[in-house]
> 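Input: one structure, supplied below.
Both counts, for ligands and for their atoms, begin at 1 and track the order of listing. We count residues from 1, following the sequence as given. Just the heavy atoms: all of them, side chains too, but no hydrogens, waters or symmetry mates, feed the values below.
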Amino acid sequence: MASKRAAPSSDLAALRRVFDKAQRIVVLTGAGVSAESGVPTFRGAGGLWRTWQAQDLATPEAFERNPSLVWEFYHYRREVMASKHPNQAHIAIAECEKRLEEQGRRVVVITQNIDELHLRAGSKNIIELHGNLFTTKCLKCRTVEKNYDSPICEALRGKGAPNPDAADARIAIENLPKCKQEGCDGMTRPNVVWFGESLDPDVLEKSHNELNLCDLCLVVGTSSVVYPAAMFAPTVAKRGIPVAEFNIEPTSATQHFGFHFEGQCGSTLPAALAPTESEQHYKKP
Ligand code: OAD
């Protein structure tokens with residue numbers, strides 16, 4: 001008879017003992033880490049993919065078919081972020097990185113999010129797997145630029161959530177966001193990874209390096225259904241490295257992990273990442 005896999009532990013003291021010894025920690029995050037900031041997730045209640053179809057808004061084909069509609073969607077998500085702030089989970093990760101760095105230990109965030117809330121919380125070691133809402137890529141000169149303009153172009157001023165069925169969704173291409181490089185003026189697209197596109201090979205390589213070297217992995221607020229991110233933590237667990245999941249519910253990946261902490265990560269994560277007893281005696285050299 002095949003042996004049954006033990007259920008993941010929710011013993012916080014046991015995780016804290018592992019955390020105390022860890023030298024290289026990877027924190028893999030998804031939309032759930034920003035949920036308590038009021039940023040919608042994708043698949044849960046109120047999730048973006050419950051209101052809209054990903055194939056209408058987040059594929060290269062959708063952009064080719066109707067760039068105006070796709071820009072409306074990303075413009076809307078950029079504008080929404082103006083009133084959102086990092087929550088206790090982002091802050092706990094950033095503080096932990098800073099604290100452990102002084103002890104010669106490393107914390108790296110690998111995020112599927114494009115909302116920059118880890119950056120705004122103060123994390124420095126951030127790998128953005130799916131790009132960034134506040135960068136554009138020029139389709140002509142290929143320049144990737146930071147862009148915090150609000151609105152990103154005049155034609156999108158005051159536009160709210162997109163309506164894929166509305167006849168007025170079409171803004172002429174010449175009025176959509178343009179490249180700012182001198183003499184270019186090319187059409188830009190959001191610098192994010194869409195369904196059907198590959199991740200940036202450098203970003204993937206960096207992620208694999210961190211995952212291969214880590215001695216603790218925390219998986220926070222992701223449904224673990226979108227590849228390749230979905231296989232990162234299970235692969236780490238297969239190496240025998242402790243993996244702890246923080247989620248409001250079990251996911252399809254939970255069974256692979258040694259720890260599962262159920263609840264809002266704004267509460268569970270700060271408890272896990274608070275200074276340990278031995279850290280409190282640590283003196284900066
Ligand atoms: P999902 O919306 O698929 O999953 C969010 C996860 O967060 C779920 O498992 C929730 O249970 C969990 N969650 C919600 N609130 C939480 C909280 N307060 N504390 C802890 N967990 C919470 O989002 P992702 O897994 O990030 O890609 O989705 C992955 C990718 O799919 C996204 O990057 C995006 C999307 O389509 C692209 O657009 C390419």
Side-chain angles (χ1 to χ4, degrees), residues 8 10 27-63 70 73-74 76-78 80-81 84-93 109-118 121 126-133 135 137 162 189-200 203-204 207 218-234 244-257 259-273:
S10 56
V27 188
L28 179 63
T29 67
V33 77
S34 297
E36 288 158 77
S37 297
V39 182
T41 62
F42 293 94
R43 298 174 179 82
L48 296 174
W49 299 152
R50 296 226 176 164
T51 308
W52 293 287
Q53 303 289 325
Q55 66 267 25
D56 289 339
L57 298 166
T59 63
E61 294 77 22
F63 191 67
V70 173
F73 180 58
Y74 284 93
Y76 165 66
R77 291 176 62 189
R78 286 164 61 99
V80 162
M81 288 314 299
K84 309 298 180 206
H85 303 285
N87 64 48
Q88 292 309 313
H90 299 107
I91 292 167
I93 297 166
V109 176
I110 303 180
T111 187
Q112 296 164 86
N113 300 345
I114 60 176
D115 60 21
E116 285 200 339
L117 287 182
H118 287 298
I126 306 171
I127 299 176
E128 292 176 318
L129 283 177
H130 292 167
N132 179 301
L133 254 184
T135 53
K137 191 197 281 169
R189 58 164 278 180
N191 185 40
V192 298
V193 179
W194 284 324
F195 288 99
E197 292 185 318
S198 306
L199 270 59
D200 178 332
V203 167
L204 257 185
S207 305
L218 310 180
V219 187
V220 186
T222 175
S223 55
S224 294
V225 294
V226 174
Y227 284 79
M231 69 182 187
F232 286 174
E245 182 178 51
F246 296 78
N247 203 301
I248 50 172
E249 60 190 18
T251 68
S252 54
T254 304
Q255 50 168 334
H256 298 288
F257 306 146
F259 295 97
H260 174 83
F261 297 95
E262 208 143 316
Q264 306 228 77
C265 61
S267 307
T268 55
L269 205 54
L273 298 181

> Can you list the ligand 1 atoms lying under 4.0 Å from a non-hydrogen atom of Gln264?
18 (N), 19 (N)
> Starting from atom 39 (C) of ligand 1, what is the nearest protein heavy atom, named by residue and atom, and what distance separates them?
Val193 O, 3.2 Å
> Please state which protein non-hydrogen atom is closest to atom 6 (C) of ligand 1 and give its distance, to 0.1 Å?
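Answer for atom 6 (C) of ligand 1: Gly221 O, 3.4 Å.
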> Got the closest protein heavy atom to atom 32 (C) of ligand 1, with its distance?
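Here the nearest protein heavy atom works out to Phe42 CE1, 3.5 Å.
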> Taking heavy atoms and a distance under 4.0 Å, where does Val192 meet ligand 1: side chain, backbone, both or neither?
neither
> For the 3.5 Å polar cut-off, considering only N or O atoms, please tell me whether Gly30 and ligand 1 meet it.
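In fact, backbone or side chain, Gly30 has no N or O that close.
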> By the side-chain hydrogen bond (donor to acceptor under 3.5 Å, both in side chains) test, which pairs, at least two apart or in different chains, include something from residues 31-42?
Ser34-His90, Ser34-Asp115, Ser37-Asn87
> Going by heavy atoms in the side chains, are Val193 and Leu129 under 4.5 Å from each other?
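SC-SC contact between Val193 and Leu129 ruled out.
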> In terms of residue, atom name and distance, what is the protein heavy atom nearest to atom 27 (O) of ligand 1?
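Answer for atom 27 (O) of ligand 1: His130 ND1, 3.6 Å.
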> Could you tell me whether a side-chain N or O of Asn247 sits under 3.5 Å from a main-chain N or O of Thr222, the two making a donor and an acceptor?
yes
> Hey, are His130 and Gln112 close enough side-chain-wise for a donor-acceptor pair under 3.5 Å?
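No donor-acceptor contact under 3.5 Å links the two side chains.
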> Mind checking ring-ring contact (aromatic ring centres under 6.0 Å, His included) for Phe42 and listing every partner two or more places apart, or none if nothing turns up?
Trp49
> Within ligand 1, which atoms have a heavy atom of Phe195 less than 4.0 Å away?
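Answer, ordered by atom number: 36 (O).
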> Looking only at protein heavy atoms, which one is nearest to atom 25 (O) of ligand 1, and how far off is it?
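Looking at atom 25 (O) of ligand 1, the protein heavy atom closest to it is Thr222 OG1, 2.7 Å.
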> Counting only nitrogen or oxygen atoms and a 3.5 angstrom limit, does Ala35 reach ligand 1?
no
> Which atoms of ligand 1 sit under 4.0 Å from any heavy atom of Thr41?
2 (O)
> Suppose we measure from atom 16 (C) of ligand 1 to each protein heavy atom; which comes out shortest, and what is that distance?
Gly32 O, 3.5 Å
> Search all heavy atoms of Ile114 against all heavy atoms of Val192 and return the closest pair with its distance.
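Scanning both residues, the minimum pair turns out to be CD1-CG1, 3.7 Å.
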> Considering all heavy atoms of both residues, which atom of Lys84 and which atom of Gly38 are nearest to each other, and what is their separation?
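Smallest heavy-atom distance, with atoms named: CE-O, 3.3 Å.
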> Consider ligand 1: state whether an atom of it lies below 4.0 angstrom from any non-hydrogen atom of Trp49.
yes
> Mind checking whether Glu36 has an N or O less than 3.5 Å away from an N or O of ligand 1?
yes
> Glu249 heavy atoms, cut-off 4.0 Å: which ligand 1 atoms fall inside?
11 (O)
> Could you find the nearest protein heavy atom to atom 26 (O) of ligand 1 and give me its residue, atom name and distance?
Ala31 N, 2.8 Å
> Just say parallel, tilted or perpendicular for the rings of Phe63 and Trp194, cut-offs at 30° and 60°.
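Tilted.
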> Looking at every heavy atom in both Leu218 and Phe246, which two are closest together, and how far apart are they?
CD2-CE1, 4.0 Å
> Is there a donor-acceptor pair closer than 3.5 Å between any side-chain N or O of Trp52 and the backbone N or O of Phe73?
no
> Taking Glu197 first and then Arg189, would you say they form a salt bridge - that is, a charged N and a carboxylate O separated by under 4.0 Å?
yes
> Could you check Leu57, Asn191, Leu133 and say which one makes a side chain to side chain contact (heavy atoms under 4.5 Å, CB included) with Tyr74?
Leu133
> I need the nearest protein heavy-atom contact for atom 19 (N) of ligand 1: residue, atom name and distance, please.
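Scanning the protein heavy atoms, the shortest distance from atom 19 (N) of ligand 1 goes to Cys265 N, 2.9 Å.
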> Any nitrogen or oxygen of Gln112, side chain or backbone, less than 3.5 Å from one on ligand 1?
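Yes.
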> Heavy-atom pairs closer than 4.0 Å: do any link ligand 1 to the side chain of Asn247, the backbone, both, or neither?
both
